[in-house]
Amino acid sequence: MSEQAVTAQSEDFSRWYNEIVYRADLAAPSPVRGCVIIKPYGYEIWEGIKAGLDRRFKVTGHQNAYFPLFIPESYIQREAQHVEGFSPELAVVTHAGGKELEEPLVVRPTSETVIGEAFSDWIQSYRDLPLLINQWANVVRWELRTRPFLRTAEFLWQEGHTAHATHDEAEEETMQMLDIYADFAINDAAIPVIKGEKSRLERFAGALRTYTIEAMMRDRRALQCGTSHNLGQNFAKAFDIRYLAESNNQEYCWTTSWGLSTRMVGAVVMTHGDDKGLRLPPKLAPYQVVIVPIYKNDSQRSAVMEAVERLQGTLDGAGIRVHVDNREGQSPGFKFNDWEMRGVPVRMEIGPKDVQNNNAVLARRDVLGRQGKQFISQDGILEAAQSLLADIQASLLEDARAFRDAHITDVSTYDELRAVIEEGDWARAHWDGSDADELAVKDDTGATIRCFPFEQQPAPGVCVMTGRKTGRVALFAKAY
RNA sequence: CGGGGCGUGGCGCAGCCCGGUAGCGCGCACGGUUUGGGUCCGUGAGGUCCCCGGUUCGAAUCCGGGCGCCCCGACCA
């Protein structure tokens with residue numbers, strides 16, 4: 001019955017995505033167009049993402065702060081490219097307190113401007129640098145076509161903002177944060193991302209250079225998972241962020257910004273999910289192990305529950321996030337499917353037979369059916385669970401990496417590029433084209449330059465568009 | 001902003017052409033049965049049929065107007 005099975009990925013990927021998001025209880029529809037309610041299970045994944053990133057930010061010397069949701073309209077207009085980039089999608093408050101405001105307030109789409117204004121006050125001398133700030137916040141961009149987590153009118157993110165004395169320090173910071181994103185994506189989210197630089201067309205409005213981590217989703221479309229911008233002195237000049245150098249001269253600062261959003265939740269869903277539902281990497285899974293007790297009658301129930309509670313305590317004591325599914329009136333079979341839908345990495349089954357044999361069954365989410373099940377002595381349950389979780393974390397990453405690598409093709413002519421994109425894969429090509437050339441490719445094939453990957457082809461080649469010799473390689477793909 | 005569709009219990013829908021007591025599946029509640037891969041049976045709760053107006057003895061159904069939403073084409077974490 002359609003109430004049970006989810007649409008297969010191969011049949012209709014975006015339908016699959018929507019069903020999973022709602023049925024795994026990550027999100028709920030909101031009364032406001034383009035927005036979503038993030039439900040507890042989805043929010044816990046986001047909390048895992050926050051924790052993983054925040055720890056890394058702190059280790060590298062950043063501090064959290066919070067800036068206002070409302071930005072005076074005039075601020076947004078101070079940096080020319082910035083206005084141009086964002087004005088179409090701004091939400092603006094014109095009335096408040098029953099009166100029309102003297103100056104409309106923009107609901108922040110990002111905070112370079114307010115933070116720039118603050119930085120100009122805070123920074124006096126080179127001794128105040130570098131200034132390393134991050135904020136966790138919601139932002140609003142009035143998008144037309146929205147999808148839960150991937151693109152919503154309001155979303156949650158972190159935005160880092162830093163100021164430095166020199167271009168090179170700013171560049172170093174920009175790159176360091178990109179590395180942190182990549183490290184987090186790969187090691188915590190098990191998403192093998194590709195680091196690279198954005199083309200001019202895809203660059204952040206107002207940035208000198210934008211770097212990105214790009215991931216391949218299960219339908220082979222590209223998803224930009226995080227970006228890090230070297231803003232040069234553009235915002236420093238617009239907001240007068242200056243410092244007195246040791247030489248006693250006033251200098252403009254060099255600033256950076258970098259952000260990663262709740263889109264990452266969508267990336268986890270679309271990178272690892274299968275036709276049974278979510279597959280969560282253990283490091284981000286709200287529940288790493290779920291225990292399903294099995295019994296027929298009260299006496300079995302008490303024997304089983306005693307073992308269940310003991311094992312729960314063992315795992316919990318070792319820091320494993322464990323949940324006992326003690327719902328009455330739901331069959332074990334139903335629970336198995338339910339937790340598979342929700343992507344819990346390890347399921348533990350304990351029934352009367354296991355109690356009798358001092359066993360437990362461990363089933364791994366990434367290997368369905370009997371192959372993924374093993375009988376373990378209760379005495380060794382902790383070690384077994386720990387190593388299974390580590391194994392799942394690694395194998396999800398490996399799966400995704402193999403999938404990605406199988407769908408990137410090196411091309412040396414434009415016809416090949418077109419064919420590869422048509423097929424749905426990514427194309428890697430030598431590129432020395434102009435903005436207009438890039439747009440032409442988009443019009444023609446639907447693909448954009450996702451990035452110029454840092455890991456370049458060793459040998460220079462010939463640009464697929466212009467025929468000019470170049471050492472630069474671009475990744476082309478259809479993107480979300 | 002251009003083209004197509006839809007508004008009916010919480011969700012998904014049927015009913016509308018041809019006006020006459022508002023239905024089905026899922027979910028929910030209760031009882032029993034079952035429980036090692038999505039149990040089954042019974043009982044029950046739950047609806048201003050998007051809004052306003054018109055036609056009519058009578059409107060979910062026909063007519064007029066409005067509102068909202070979804071899908072497809074140009075921009076975006």
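Throughout, a chain's letter reflects where its sequence line sits, starting with A, and its residues are numbered from 1. What you are looking at is a predicted structure, and each value in this text was computed from that prediction instead of being measured.
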Aromatic plane relationship, F204(A) with H229(A) - under 30° parallel, 30 to 60° tilted, over 60° perpendicular: parallel
Check against side chain to side chain contact (heavy atoms under 4.5 Å, CB included), K195(A) and D179(A): CA-CA 8 Å; K195(A) 290 188 284 187; D179(A) 287 341; 2.7 Å; yes
Heavy-atom pair of closest approach, residues P192(A) and I186(A): CA-CG1, 4.2 Å
Paired nucleotide for G9(B) [Watson-Crick or G-U wobble; both distances under 3.5 Å]: none
Separation between the P atoms of C51(B) and G10(B), rounded to whole Å: 14 Å
Side-chain (H62(A)) to main-chain (F57(A)) donor-acceptor, under 3.5 angstrom: yes
Under 3.5 Å side-chain donor-acceptor pair for D444(A) and Y414(A): yes
Whole angstrom value for the distance that separates P of A77(B) from CD of E112(A): 12 Å
Aromatic contact, W46(A) with F149(A) (centres under 6.0 Å): no
Rounded distance in Å between the C1' positions of U33(B) and A60(B): 40 Å
Sugar-phosphate only, base, or nothing, as touched by G259(A) at under 4.0 Å among non-hydrogen atoms: nothing
Inter-nucleotide P distance (G20(B), G3(B)), Å rounded: 35 Å
Nucleotide C71(B), atom P - distance to CZ of R15(A) in whole Å: 13 Å
Residue pair D354(A) / E349(A): nearest heavy atoms and the distance that separates them: OD2-O, 3.7 Å
Whole angstrom value for the distance that separates P of C71(B) from OH of Y17(A): 14 Å
Give me the distances for all protein-to-nucleotides 39-43 of chain B N/O pairs that come in under 3.5 Å?
from: U39(B); atom 1: OP2; to: S331(A); atom 2: OG; distance (Å): 2.3

Inter-nucleotide C1' distance (G38(B), C26(B)), Å rounded: 13 Å
Nearest-Å distance for atom pair NZ/P, residues K478(A) and G73(B): 11 Å
G73(B): pairing nucleotide in any strand, Watson-Crick or G-U under 3.5 angstrom: C1(B)
Near-strand residues of residues 288-298 of chain A, defined as heavy-atom separation under 4.0 angstrom from RNA chain B: I294(A), Y295(A), K296(A)
Nearest-angstrom distance, P atom, C67(B) to C52(B): 15 Å
Candidate nucleotides G37(B), A77(B), C75(B), ranked by approach to the side chain of K442(A) - the nearest: C75(B)
Sugar-phosphate, base or nothing in reach of V361(A), heavy atoms under 4.0 Å: base
Pair assignment for U43(B), Watson-Crick or G-U wobble, requiring both distances under 3.5 Å: A29(B)
Whole-Å distance separating the CG atom of L362(A) from the C1' atom of G36(B): 15 Å
Atom pair distance, as rounded to whole Å: CG in D338(A) and C1' in G37(B): 13 Å
Nucleotide nearest P352(A) when distance is taken to its side chain, options G37(B), G36(B), A77(B): G36(B)
Face-to-face contact F155(A) to A77(B) six-ring, under 5.5 Å, under 30°: yes
Spacing of the P atoms in A59(B) and G2(B) (rounded, Å): 37 Å
Donor/acceptor link under 3.5 angstrom from R370(A) side chain onto base of G37(B): no
Nucleotide forming a Watson-Crick or wobble pair with G53(B), both distances under 3.5 Å: C63(B)
Pairwise P distance, G73(B) and C30(B) [rounded to whole Å]: 47 Å
Distance, C1' atom - from G7(B) to A14(B), rounded to whole angstrom: 15 Å
Touch class at under 4.0 angstrom, heavy-atom based, for L260(A) against every strand present: nothing
Integer-rounded Å distance: U33(B) P and E328(A) CD: 14 Å
Short side-chain to backbone donor-acceptor contact, R218(A) and M270(A), under 3.5 Å: no
Y211(A) and F452(A) aromatic centres sub-6.0 Å: no
First of Y480(A) and E349(A) reached from the 5' end of RNA chain B, by closest nucleotide: E349(A)
Earlier contact from the 5' end, RNA chain B, for E202(A) and V355(A): V355(A)
Residue pair Y480(A) / R263(A): nearest heavy atoms and the distance that separates them: O-NH2, 4.3 Å
Parallel, tilted or perpendicular, as decided by the 30° and 60° cut-offs, for the rings of F13(A) and W16(A): tilted
Distance, rounded to the nearest Å, where L368(A) contributes CG and G38(B) contributes P: 15 Å
Sugar-phosphate only, base, or nothing, as touched by K353(A) at under 4.0 Å among non-hydrogen atoms: base
Sugar-phosphate only, base, or nothing, as touched by T152(A) at under 4.0 Å among non-hydrogen atoms: base
Sugar-phosphate only, base, or nothing, as touched by R327(A) at under 4.0 Å among non-hydrogen atoms: nothing
E340(A) (side chain) and G37(B) (base): donor-acceptor pair under 3.5 Å: yes
With E143(A) via salt bridge (Lys or Arg N to Asp or Glu O under 4.0 Å) - residues at least two apart: none
